[in-house]
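Hydrogens, waters and symmetry mates are skipped; everything else that's a heavy atom, side chains included, is used. Predicted, not measured: the structure shown is a model, and the values here were computed from it.
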Amino acid sequence: MISLNEPGRKVIMSGNEAMARGALEAGVDFCTSYPGSPSVEIAESLFKLKTEKKVYGEWSTNEIVALEAAAAASFAGLRSICIMKQNGLAVASDFLLSLNHPGTRGGLVIIVGDDPGAHSSINEVDSRHFARQAELPLLEPSSVAEARDMVRWAFELSEELETCVIIRAVTRVCHARGNLVLESIPDKLVQDVRIEPWDRFLCIAPMHGMVHMRQEKARKAFEESLFNLYTGPEHAETVIVSSGPSALYAHEALYLLSLNENVGLLKLGTTWPLPRDLILEHLQHASKIILFEETDPFLEQNITSLLAQFGDKKYAFYGQASGYVSGDNGPGLGELNVDLVARSLAKAFDLPDPVKLPDTSQVNDLLKGSLPEREMALCAGCPHRSSFWAIKSALELDGRKGIVLGDIGCYTLGASKAGFWLLRSLMCMGSGVGLANGFGQLHRFGMKQPVLAVMGDSTFFHACLPALVNGVYNRANFLAIVLDNSITAMTGFQPHPGVGVSATGEMASSIKIEDITTAMGIRTEVSDPHLLNDTIKIISDLLQEAGPGVLILRKECALTAVKKERKLYIVNEKLCAGSSCGCNNFCSTVFACPAISIGADSKAVISDVICTGCGACALLCPKGAILEANKGGAVS
Amino acid sequence: MKLKKEPYNQIIAGVGGQGNILASALAGIAATVAGYNVVVGETYGASQRGGSVMSHVRLSLDKTYGPLVPSGQADLIVAFEPLEALRVSSKYAGPSTVVIVNLTPVYPVSVLLQEASYPDTESILTALKTLAKEIYTVDATSLARKAGDPRAQNIVMINAMSLYPDQPVERDFYNKALEEFLQGAGSEQKEINRRAFEIELDLIKI
């Protein structure tokens, strides 16, 4: 779909696909990324192109390498794009804060997917601050169509300003679907790909002045940008300033409250550097300024200081910083929506509450309390459940109250009920094994608890290598457990350096984790986590050793495995003893596989919709009542 | 092209793994081919399986809306699971809302762990009736099993949605959207999904 060369055709795409389309319409040549939600499908769409013209694409090991690789292509004159999520920009920021000094040549666009409300993230970082810190131009799309338009323009802008352009797209743009009209995809734009003899790409302090100059040039370009739009009466007393999807919520709320004739709406698409003159033109005459933005009061604080400097009267600001605009959990927390925006506006105009929630009093009476929440769960057949069960069991046998540290991936659920509350720390990529370097030295101070860190296979390459080297060098006592499901599962099954396949589906060399750790001189063991007893024994054994140790728990992700072969397990009702067994409905109630529930007769029932056929429950059942469907399980 | 209300708000709700996202993508394509301006907002968390998943599909004659339906303003709720029908209706239903619900429950982990109980289907349906104007039930999971794979329940629900006479997209457009989707699929997958879309079903009003 994204590569259709049918200009004029109206289609529907996701925001992510639309941004990939924008890059294609701009003639992008080079795309690097590390997968992260909500922006992962942008690169994925570009990697899966079936067209004659190929975009070079790679899943880089992490975001800073991705940005460095993309910058190199730009230096040589190519149009290049680098895609990441909010936390990725933090990883790439060291390079970003130096890249702004030499600037770029071929258009270089960074798309950062921000996740207000943290739908698929551990936090809700507002990446816009990075643009301000790096003094780089920042665009914020509000809709799917605008996202495409902005990406296309960002390449031109980047070449005009000779610096990279950041596009901040939030989850409600990335994961929305919307209509757009296709533009044409150009033939190859760049003829000469080379570095000239006089080219130097240096970050040196004297270049700082150039950084300021490019920022000022960006501001001037933004004053004229059509992505900034004012609607409403001239010289309105009250003006809303908004960016991203909040601008659409504000528009809808104004009509909902019939305030559209009285209140101005300045929708900003270019949010750093701020288009100063445009803002002053529309706000100077207002007295009340209401700001709708996600999640930090970025516009609010920057416009406040702008008006303090250039405005000619006292203005009242109503936004997240003043506590007036608020997410569901308070100002500066979570997403906005039409309800929240309409409520704030009603408050400002002394109107009754416009939100029409259904009357649920009878529902509460009928169901006697609240509806059971759906907490996050590991999938049926997930090898992590078995890994966590094995670690938990080994630590209980060990008896020294060992601690388990973690980080980001599907196995983050080790910090929740689904993972038996096993993880004691959860921060950025690689932080589990990083922390283990400190905890692993505390035996000197009398700490007796064993230290374990879990990490995913993709995370191992992304952020764990320096920490492991540190552990060997400084002889830290910890056991690093790599939960190797042979894919980047959390973000939708992207390959990584251990898999043997490139981003675009070609054969690649596969780097074995055990080869690396063995070469570091670390004792390394490998086990299949679904073989629970073997795994518990190996963990117990490794916990007796000093210095860093590595255990690789290797089993393919249940969701990729099931696509190749789907086994089904069923319960032999004659063998399952139900509540009289004494196992406390182990397979369902304790092991917590979502495919297994307890039927009316207290016996286990396996759902043929959810079961992926891992067989772990069959090994755990004390009565041997769970069997593979076509191997004697099908009893009448 | 005609809309009962501008915009016309549909919500497709279910549990991660039930194929909601694919269903809402289909609904989005169908409405686009029918000529509407469409925006679809997806809400799904980090958990690919087992979490509540909800898609807002908003149809307009000519405007671009934000991807989220305001509270109490859903026109049609299509729920793949009874508890999710109730959860979504408790926030988005209004006096004119129609709900189509699949009757097969998917139990939350807290229920499997026996820390919470799953309300019986009768109470859920009775509660739904206090929230919305009309409730229709479909035994989509069983019908999908009959079509060849219980996981095709999402297509059975799209089938049900397209049969509801008051929704604004003609059934033929859903068929076109499905065919567009199945272009790259294997022949068995194609057959199962076509059967799930064609399988005869009654929307049972309760």
Side-chain angles (χ1 to χ4, degrees), chain A residues 10-12 14 37 119-121 142-145 172 175-179 245-246 248-249 251-252 256 337-339 342 355-360 362-363 366-367 371-380 410 412-413 417-418 490 559 585 588-590 592-594 596-598 607-610, chain B residues 15-18 24-25 28-29 31-32 37-52 64-73 83 86-87 89-94 104 106-114 116-119 123-124 126-127 130-131 141 145 150-151 153:
Chain A
K10 179 182 164 184
V11 296
I12 182 165
S14 74
S37 288
H119 294 281
S120 45
S121 309
S142 61
S143 70
V144 169
R172 295 298 177 191
H175 286 179
R177 290 174 178 277
N179 296 127
S246 305
L248 293 173
Y249 306 149
H251 190 262
E252 188 169 348
L256 214 69
N337 53 42
V338 179
D339 290 353
V355 179
K356 297 187 198 97
L357 279 168
D359 174 9
T360 53
Q362 291 187 68
V363 177
L366 271 161
L367 301 182
L371 307 181
E373 287 298 323
R374 292 197 188 269
E375 291 165 40
M376 294 196 283
L378 293 165
C379 305
C410 293
T412 290
L413 292 186
K417 193 185 289 169
M490 180 91 172
L559 297 187
N585 297 127
S588 172
T589 307
V590 182
C593 174
I596 314 178
S597 56
I598 301 302
S607 158
D608 62 348
V609 180
I610 305 172
Chain B
V15 179
Q18 284 194 307
S24 69
I29 295 173
T32 301
N37 259 15
V38 190
V39 60
V40 182
E42 314 277 11
T43 301
Y44 48 91
S47 141
Q48 289 167 343
R49 302 259 150 157
S52 297
T64 298
Y65 286 89
L68 298 174
V69 173
S71 295
Q73 290 195 27
L83 182 64
L86 190 54
R87 196 190 310 281
S89 300
S90 298
K91 181 153 193 236
Y92 295 99
T104 307
V106 176
Y107 300 113
V109 174
S110 58
V111 171
L112 298 180
L113 297 179
Q114 299 182 357
S117 59
Y118 191 98
S123 318
I124 292 182
T126 315
T130 71
L131 296 171
T141 313
R145 201 171 280 125
R151 290 173 297 177
Q153 61 192 358

Nearest 0.5 Å, please: how far is [atom2] in [Y] from [atom1] in [X]?
| X | Y | atom1 | atom2 | result |
| --- | --- | --- | --- | --- |
| A:Asp608 | B:Arg145 | CG | CZ | 4.5 Å |
| B:Ser52 | A:Glu375 | OG | CD | 10.5 Å |
| A:Thr360 | B:Leu131 | OG1 | CG | 7.0 Å |
| B:Gln18 | A:Ile610 | CD | CD1 | 8.0 Å |

Checking [X] against chain A: side chain, backbone, both or neither under 4.5 Å from a heavy atom?
| X | answer |
| --- | --- |
| B:Ala31 | neither |
| B:Val109 | side chain |
| B:Ala127 | both |

Heavy atoms only: give me the nearest [X]-[Y] pair and the separation to one decimal.
| X | Y | value |
| --- | --- | --- |
| A:Arg374 | B:Val106 | NH1-O, 2.8 Å |
| A:Pro372 | B:Ser117 | CG-O, 3.6 Å |
| B:Ser123 | A:Leu366 | O-CD1, 4.4 Å |
| A:Glu252 | B:Pro70 | OE2-CG, 3.6 Å |
| A:Tyr249 | B:Leu68 | OH-CD1, 3.4 Å |
| A:Ser588 | B:Leu113 | O-CD2, 4.1 Å |

Looking at side-chain heavy atoms only, is the closest gap between [X] and [Y] below 4.5 Å?
| X | Y | result |
| --- | --- | --- |
| A:Arg172 | B:Thr43 | yes |
| B:Thr32 | A:Asn179 | yes |
| B:Ser110 | A:Glu373 | no |
| A:Arg177 | B:Val39 | no |

| query | Is the NZ atom of A:Lys356 crowded by more than 12 outside heavy atoms at less than 6.0 Å? | reply |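 Incorrect, the count does not exceed 12.
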
Under 4.5 Å heavy-atom distance to chain B, tell me which part of [X] shows up: side chain, backbone, both or neither.
| X | answer |
| --- | --- |
| A:Leu367 | side chain |
| A:Asp359 | backbone |
| A:Leu256 | side chain |
| A:Val363 | both |
| A:Ile12 | both |
| A:Ser597 | both |

| query | If you tally heavy-atom pairs under 4.5 Å against chain B, which of A:Leu357, A:Val144, A:Leu371 wins? | reply |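 The answer is A:Leu371.
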
| message | Heavy-atom pairs under 4.5 Å with chain B - which of A:Asn585, A:Asp339, A:Asn337 has more of them than the others? | response |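 Top count of heavy-atom pairs under 4.5 Å with chain B: A:Asp339.
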
Among [options], who wins on heavy-atom pairs under 4.5 Å with chain A?
| options | result |
| --- | --- |
| B:Gly72, B:Ser89, B:Pro67, B:Pro119 | B:Pro67 |
| B:Gln114, B:Arg151, B:Lys91 | B:Arg151 |
| B:Pro150, B:Gly66, B:Ala116, B:Ser71 | B:Ser71 |

